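Note sheet for the following structure.
Just so it is clear, the structure is predicted and the values come from calculations on it, not from any experiment.
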Amino acid sequence: MSTWYVASTRPHQESRAELNLRRQGFDAWLPRLRRKRRHARRTGTVFAPLFPGYLFVRIDPERQPWRAINSTYGVRHLICQDSRPAPVPEDFISSLRGSLDEDGVVAVEDDGLKPGVQVRLLSGPFFDCIGKLLEIADRERVSLLLSILGREVKTTVSRRIVALVD
């Protein structure tokens with residue numbers, strides 16, 4: 001019976017590994033998400049791996065030569081436990097596939113954070129302070145404008161510690 005397994009890939013070679021695994025007849029899946037990218041003063045949308053450095057491969061280890069995956073271009077190795085491939089729970093894969101949009105890209109929930117909205121800090125030294133969201137950085141960080149001691153101070157914090165003000 002075929003199940004899903006995880007293959008570790010070489011840095012930035014997830015797409016190459018997926019292509020080469022498919023050429024060998026394996027069922028490979030690289031979940032992607034949309035990400036805004038800025039390069040040379042241009043902003044565009046690119047498809048980035050949801051799990052950088054990893055992809056999923058569906059195999060039957062009893063019938064398929066799974067060790068061939070380790071020598072595939074772009075693949076570092078198949079994740080194993082006790083010298084056997086470690087399976088991924090089927091409910092995890094089905095819930096991940098259920099979150100795909102019409103383009104086959106993982107849809108990320110919109111938490112309502114947009115530049116200009118009022119947010120409250122949930123932890124840290126400025127706990128419970130309210131500020132204005134200036135921008136959303138790419139790496140899970142946001143820039144805020146806080147009013148502290150009669151001055152407005154710009155700070156950058158983790159996106160996880162801010163919430164919209166009701």
Side-chain angles (χ1 to χ4, degrees), residues 4-22 28-58 72-79 81 86-166:
W4 289 99
Y5 298 91
V6 178
S8 174
T9 64
R10 299 201 181 276
H12 308 290
Q13 293 191 20
E14 297 89 354
S15 297
R16 181 181 191 188
E18 180 186 28
L19 176 68
N20 288 319
L21 285 168
R22 287 177 187 257
W29 179 48
L30 176 62
R32 301 172 197 268
L33 55 86
R34 282 185 188 82
R35 178 168 281 159
K36 289 184 182 177
R37 185 180 82 153
R38 187 168 176 228
H39 179 71
R41 297 184 190 179
R42 292 185 183 166
T43 304
T45 303
V46 295
F47 297 114
L50 180 64
F51 305 109
Y54 299 95
L55 61 85
F56 298 102
V57 183
R58 178 181 231 144
T72 301
Y73 287 119
V75 175
R76 187 177 288 158
H77 57 82
L78 194 63
I79 304 296
Q81 183 177 8
V88 176
E90 191 63 38
D91 57 341
F92 175 76
I93 297 292
S94 61
S95 68
L96 196 58
R97 285 202 181 254
S99 67
L100 297 178
D101 64 7
E102 63 277 353
D103 296 327
V105 178
V106 176
V108 180
E109 292 181 20
D110 183 21
D111 56 3
L113 292 179
K114 296 178 183 125
V117 298
Q118 296 288 319
V119 293
R120 179 184 312 273
L121 289 167
L122 303 174
S123 67
F126 300 113
F127 172 72
D128 214 28
C129 285
I130 295 177
K132 181 179 177 183
L133 189 94
L134 293 177
E135 65 178 343
I136 299 174
D138 189 32
R139 299 195 179 217
E140 296 295 321
R141 298 181 65 80
V142 293
S143 293
L144 305 174
L145 193 60
L146 298 174
S147 293
I148 302 171
L149 300 173
R151 294 183 61 206
E152 291 192 334
V153 180
K154 182 179 175 184
T155 184
T156 305
V157 297
S158 172
R159 187 176 184 152
R160 288 183 239 142
I161 67 166
V162 297
L164 288 172
V165 174
D166 295 331

ask   = Glu14 side chain to Gly53 main-chain N or O, any donor-acceptor pair under 3.5 Å?
value =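 Side chain of Glu14 to backbone of Gly53: a pair is present.
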N/O donor-acceptor pair under 3.5 Å between Arg16 side chain and Gly74 backbone =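 Not confirmed, Arg16 side chain does not pair with Gly74 backbone.
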key: Derivation of the side chain to side chain contact (heavy atoms under 4.5 Å, CB included) call for Val142 and Val119   = CA-CA 11 Å; Val142 293; Val119 293; over 6 Å; no
Shortest non-hydrogen contact between [X] and [Y], atoms and distance:
{"X": "Thr72", "Y": "Ala17", "value": "CG2-O, 4.5 Å"}
{"X": "Pro115", "Y": "Glu135", "value": "CG-CA, 4.4 Å"}
{"X": "Val106", "Y": "Leu50", "value": "CG2-CD2, 3.9 Å"}
{"X": "Phe56", "Y": "Leu96", "value": "CE1-CD2, 3.9 Å"}
{"X": "Tyr5", "Y": "Leu78", "value": "CB-CD1, 4.2 Å"}
{"X": "Ile148", "Y": "Phe126", "value": "CD1-CE2, 3.3 Å"}

Separation of [Y] [atom2] from [X] [atom1] (nearest 0.5 Å):
{"X": "Ile136", "Y": "Ser143", "atom1": "CD1", "atom2": "OG", "value": "10.0 Å"}
{"X": "Thr9", "Y": "Leu21", "atom1": "OG1", "atom2": "CG", "value": "10.0 Å"}
{"X": "Asp103", "Y": "Arg34", "atom1": "CG", "atom2": "CZ", "value": "4.5 Å"}
{"X": "Leu19", "Y": "Leu30", "atom1": "CG", "atom2": "CG", "value": "11.5 Å"}
{"X": "Ser123", "Y": "Asp128", "atom1": "OG", "atom2": "CG", "value": "11.0 Å"}
{"X": "Arg120", "Y": "Cys129", "atom1": "CZ", "atom2": "SG", "value": "9.5 Å"}

key: Verdict with supporting geometry, Lys132 and Gln118, side chain to side chain contact (heavy atoms under 4.5 Å, CB included)   = CA-CA 5 Å; Lys132 181 179 177 183; Gln118 296 288 319; 4.1 Å; yes
task = Determine whether more than 12 heavy atoms belonging to other residues, nucleotides or ligands lie under 6.0 Å from atom NE2 of His77.
result =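 Buried by this count: over 12 neighbours within 6.0 Å.
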task = Go through the structure and list residues passing salt bridge (Lys or Arg N to Asp or Glu O under 4.0 Å) with Arg160, not counting sequence neighbours.
result =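 For Arg160, no residue satisfies salt bridge (Lys or Arg N to Asp or Glu O under 4.0 Å) once neighbours in sequence are set aside.
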request  = Decide yes or no on side chain to side chain contact (heavy atoms under 4.5 Å, CB included) for Leu134 and Leu144, but give the supporting numbers first.
outcome  = CA-CA 5 Å; Leu134 293 177; Leu144 305 174; over 6 Å; no
query = Aromatic rings Phe51 and Phe92: how do their planes relate, parallel, tilted or perpendicular, breaks at 30° and 60°?
reply =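 Aromatic pair Phe51/Phe92 classed tilted.
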query = Under 4.5 Å between any side-chain heavy atoms of Ser147 and Glu152, yes or no?
reply =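 Heavy-atom side-chain distance check passes, below 4.5 Å.
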query = Side chains of Leu121 and Val162: closer than 4.5 Å at any heavy-atom pair?
reply =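 Yes; the side chains approach each other to less than 4.5 Å.
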task = Report the residues that fulfil side-chain contact (heavy atoms from CB on, under 4.5 Å) with Arg10, sequence neighbours left out, ordered by chain and then residue number.
result =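 Expected list: Gln13.
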message = I'd like to know whether His39 forms a side chain to side chain contact (heavy atoms under 4.5 Å, CB included) with Val46, so could you lay out the CA-CA distance, the side-chain angles of the two residues, the decisive distance to 0.1 Å, and finally the verdict.
response = CA-CA 11 Å; His39 179 71; Val46 295; over 6 Å; no
